[in-house]
Each structure stands twice: as structure tokens, then as C-alpha cells.
Amino acid sequence: MFSILALELDGPIIRAAVLKQTVRGIRVIECLESSRPSEGESLTAEELEMLISRIDKCPRSLVVVTPQVEMVEITMEAKRVEKMKPYQIREAVRWEAEPYSTLPAAECLSGFEIGHLMEKNETGVWVTMLPQEDYQELKRVTAEAGLRLKRVYPPDLCFSEAAAHWNTELEQIAVNIGHESIRFALMLNGESIAYRMVPAGIEAIQGYLDGDRVDKNMVDAVRDVLAAWDGRHKVIVTSGCGALDRMVNGFFRREFGVKGEPLHIPAEISENAAVFANAVGAGLRELYFGTSWKTPGITDAADLAKLIRESIHIYPLVAAAVVIAFFFGHYFWINHQINVVEQETIVLTRQRDHLKTLDEEQKKLEKERNLLSTKFDFLTNDADAALNEKQILFNTLGACAPWDLQLKEVKSAQVDTKGKKTKGAAATASNLWDISGTSGSTASIHNYVAAIHKKDWCESIQLVSIKLSSSKTRTDEEIEPSSSYDFILKLKVKNS
């Protein structure tokens, strides 16, 4: 998650707070303060390096709170403000605030925060200003310490933000008691609607209580602020270095009749987190989502909307570049997809060829297995017995034939499942035989049938048909006509 280092410069003291954005919200994970070598001198890189060395895993992003940032309030037409971009408002208020500021607008960087709506359709605007030279010097020093300066805030807009974040009172007065000033913020429904500053800090209060220095102007100024805001009937939330001082709290109770309660900031390390309200408030503004929280911060970063507007002439080139990049990207993507498909095709083709090879090898092995199975059955199960029986049958059929009888064909008869003679896909009976031949006389046919019927293996033999046929026989001298008988026998062999 995001984290930020926030620094506050308060006279002889420098304070630091580390805030971190988590899924449960913003947490204050580190608070510490250190005395400055010389009050009033510019911040040095050595001071920063010594300070951040005491912080474990110190963030590199930095915001700074310093009274050097001057804040004044002006009024502007509400409709005009609504139509302006943030960078336009920043530029406009810088010049409109110059009559009320001690700083020259031409030499300053500015920020702003839109306030509440006033009468006559006007709105209040708080303008923050810091000399550009001071900002650049602070940016250079922080860069030497390895930090990246984001923004510089005034104290007025920071302690009040911490009070609004951790105190839910509808009406309250946030008071920040520093070393050099006392700052007030009138808050309604979590928003600041007015700010005041008294140029006397905790040292002036302690001097007043001790009787060493009596500053009636300071007391009168505080009394006027609290009276104008009806402080007796509102919750007073104190922060800063005087928030935890009992004498300071007694001073407000005794002199002005108000009771101040220290702002409770839940920090993981420090129990006196109210002292760090300014630093914590600046960190909150930087971690909040939305640009409106950050507009009071002083920065020299160019506004994105302004850059876009000033660079509008390059929009056509950018659009053309985007279109060209899109089509080139699409072209290269399609080429990549084609290459991927080709590679996958090669791989799938190789796999297909490999599967074909394996299928052919499987068929070849299947044939070899069937052949080996047949050979095995032949050797172990007397598979040649049927062949021997056929051989005996054929030999006997030939031996029984008279001299004038000639066998033409001996084949197994085909029968269907009901025992009838069929053709084609019908089953072949191993004990039924069709015998066809020719003989010179019918007597030879009858003698042949009688001879076969006497065999032990013959169950029955039937003369199916006999037909007389004529032919011519060539002799040495002439061609003489002759006659013969074609016959068909049906033989049934006993089952062995």
C-alpha cells in the first residue's frame, strides 16, 4: 500500500510522522521529533538524514508543513469558480490574493482550497503562497537526503484535517498550540469554515502564567476568537506541543471558560500523537483519494490538464500513432498465431503418422499372433485330424470308382440353420458332401453308390440326379457318336 513521510517545522523543533494507507484505512505507524541545531535557519540535508535514519523503512515520498507558507482568504464568484479548471483557479487566485499578502505574486507558487458558499453568490477561497526560491531550496535539500518532495502545506489546513478525521463532533473548534503561534479552525460537519491565527505560542502562554511577561494583546486576541465562535458552547479540541500541557489547558479554562480536550490520534508507537497533528494532517491530505484534498499544497509540478490542453496540436499525431500501433500489433499478433498453428499442425501431423505406424504394426502383430495361435492349435489340439479324414475320404471315393466312372467335383455341401441347402452366407456342414461326375453306364453308377454305402464312415448316400448326355469320340479311322450319364450324389459322413 501507499505510505508517506510528513514533516512539520515548528520553530526549534522538527516533527515527523509516517502514515500508511491499508485496506482498513490510514494508519499512523511512526511519530518522532527532534530539536533543530539553529532556530530560524533553513532545513539542511544533514538534519533530514539524521531524522530518517531513526525511521525503519522510511518512505521516500515527503510532504512538509511550515509556517513559511502564507495563507489568506479571498472571495470569488461561485459560478466562475465552478467553470474553471484547478490550474486556472491556481493561477487566478495567485494574483487576486496579492493585495492581501505580504509576498509578491510573480515570485510565488500558489495553492488553493474552495471554502463555503457566502452571500451574493460568492464563495470563499483560501489561497496558499510560498516564494518559489524557498520551494526550490527545500526541494533541493530533500533530494540530497534521498527524498522526493511532493507538496508543502500551511499549518492552518493540516491540524484541522486531523481533527476532522479522528473527531466526529458536528461542531467543534480545533486549536493548534505551537511554539510560535496559536491557530484556530472552526469546523462544522467535518469541514473547516473559518481560520484564525494569533502570533503567540506556548512560550507566550507560559510567560503569562509565570508572570514574567504579560501579553494582554495575546489574551485579548484569543478571547475575541473564542467569543466570536461561541467557544463556551462548542467542543474544543487541542493539538500541537501545548495540547498535553496541563498549565496550558488550565490557562484556557481559567481565562476563557472553555475546556480543551487533546486530539486523540491512534498511533502505533507514540502516545502523544496530538503533538504531531500538523504532520499527520498533511499526510492525510496526501493519502486521500481525489485531487481536491491536495490543491492547497504548494508544488511546481505541471498540471496534467494544462499539459494536455497545451499539447492539443499533437493529438492527431498521437491518434495516428495509436492506430498504426494497433494495426501493427494486430498484424504481429496474427503472424504469431499463424506460427503457433503451423507448429501445432506439424506436431499433430507427426502424431498422426506415428499413430498410423502403430496401427499398421498392431495389425501385423495381430496377424502374426493369429498365425502362431493356429500353429499352436495345430501342434497341441490335433488340428490335422480333419485334414486326414478328408484325405481318407477322397482316396476312398477315388478307389471305389469303376473304370468307366469319372469324378468331376467333390465339395462340402452348404446348409442353412434349418438344414436346407443354401448359397452365399449359409453355414458349411463338415459331414455333407456333393459329388458330381460322369459314367458310361447306369450300372457303374449304381455299383459306385453301393460300394460307398458299405463303408463304415458312410451314414447315407443319395442319388440326386442322373442325366443322359451325348458326345462324339474321335478314333483312329473315324469319329463315332457316344453317350454318357452325368450324375450328382449327396454323401453324408458319420460324425467321428
Side-chain angles (χ1 to χ4, degrees), residues 67 69-105 108-130 151 153-165 167-176 181-199 220-237 258 278 281-282 284-285 288 290-298 303 305:
V69 180
E70 185 175 320
M71 188 176 81
V72 296
E73 183 180 8
I74 63 173
T75 59
M76 295 182 66
E77 187 179 354
K79 292 183 178 180
R80 177 189 175 195
V81 173
E82 291 176 359
K83 296 178 180 179
M84 298 173 69
K85 301 293 184 181
Y87 72 91
Q88 294 173 330
I89 299 176
R90 184 179 295 109
E91 186 66 19
V93 298
R94 181 162 65 102
W95 297 103
E96 294 197 17
E98 186 176 25
Y100 310 99
S101 174
T102 61
L103 302 174
C108 291
L109 298 173
S110 62
F112 69 93
E113 182 167 71
I114 305 299
H116 60 285
L117 189 64
M118 299 180 178
E119 297 179 356
K120 298 180 181 179
N121 198 24
E122 292 186 341
T123 184
V125 180
W126 287 288
V127 184
T128 57
M129 302 179 69
L130 178 68
R151 290 172 182 83
Y153 289 94
D156 308 72
L157 300 176
C158 295
F159 73 90
S160 57
E161 191 58 45
H165 188 84
N167 196 302
T168 58
E169 294 291 339
L170 297 180
E171 294 187 18
Q172 59 179 323
I173 298 176
V175 182
N176 183 262
S181 63
I182 304 175
R183 299 175 187 271
F184 301 86
L186 177 60
M187 308 187 68
L188 180 64
N189 297 328
E191 295 183 0
S192 302
I193 61 175
Y195 297 97
R196 296 290 186 272
M197 190 270 289
V198 176
D220 293 340
V222 173
R223 182 177 289 109
D224 291 341
V225 172
L226 294 176
W229 291 352
D230 194 16
R232 292 177 180 270
H233 300 91
K234 290 183 173 63
V235 176
I236 307 297
V237 180
V258 296
N278 279 325
L284 288 173
R285 283 184 172 273
Y288 284 155
T291 57
S292 61
W293 300 102
K294 305 175 180 62
T295 54
I298 303 297
D303 191 278

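Computed from a predicted model, the values in this text were never measured in an experiment.
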Inset, instruction - Take atom CZ of R232 as the centre, draw a 6.0 Å sphere, and report whether it contains more than 12 heavy atoms from other residues, nucleotides or ligands. - result: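 Not more than 12 within 6.0 Å, no.
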Legend entry - Over 12 non-hydrogen atoms of neighbours within 6.0 angstrom of CD in E191: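 It does not: E191 CD has 12 such atoms or fewer within range.
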Quick check against the 3.5 Å criterion: does [X] have a side-chain atom that pairs as donor or acceptor with the backbone of [Y]?
| X | Y | answer |
| --- | --- | --- |
| R285 | W293 | yes |
| E70 | T102 | yes |
| T295 | S292 | yes |

Do [X] and [Y] have side-chain heavy atoms sitting under 4.5 Å apart?
| X | Y | answer |
| --- | --- | --- |
| V198 | F184 | yes |
| S110 | E98 | no |
| P296 | M71 | no |
| K294 | T291 | no |
| L157 | T128 | yes |
| F112 | E91 | no |

To the closest 0.5 Å, what do you measure between [atom1] ([X]) and [atom2] ([Y])?
| X | Y | atom1 | atom2 | result |
| --- | --- | --- | --- | --- |
| D156 | S181 | CG | OG | 7.5 Å |
| I89 | M76 | CD1 | CE | 7.0 Å |
| S101 | W95 | OG | CH2 | 12.0 Å |
| W229 | K234 | CH2 | NZ | 10.0 Å |
| N176 | Y195 | CG | OH | 12.0 Å |
| E171 | I193 | CD | CD1 | 8.0 Å |

Legend entry - Plane angle bin for Y288 and H165 - parallel if under 30°, tilted between 30 and 60°, otherwise perpendicular: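 H165 vs Y288 ring planes: tilted.
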Please report the closest heavy-atom contact between [X] and [Y], naming both atoms and the distance.
| X | Y | answer |
| --- | --- | --- |
| R183 | P155 | NE-CB, 3.7 Å |
| M84 | A92 | CE-CB, 3.7 Å |
| A282 | Y153 | CB-CD1, 4.0 Å |
| A174 | F159 | O-CE1, 3.3 Å |
| I298 | G111 | CD1-N, 3.6 Å |
| C108 | L103 | SG-CB, 3.5 Å |

Legend entry - Ion pair K79/E82, N-O distance below 4.0 Å: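 No salt bridge links K79 with E82.
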Legend entry - Test side-chain contact (heavy atoms from CB on, under 4.5 Å) applied to V125 and T75, V72, V93, the passing residue: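 Per the side-chain contact (heavy atoms from CB on, under 4.5 Å) rule, the option paired with V125 is V93, out of T75, V72, V93.
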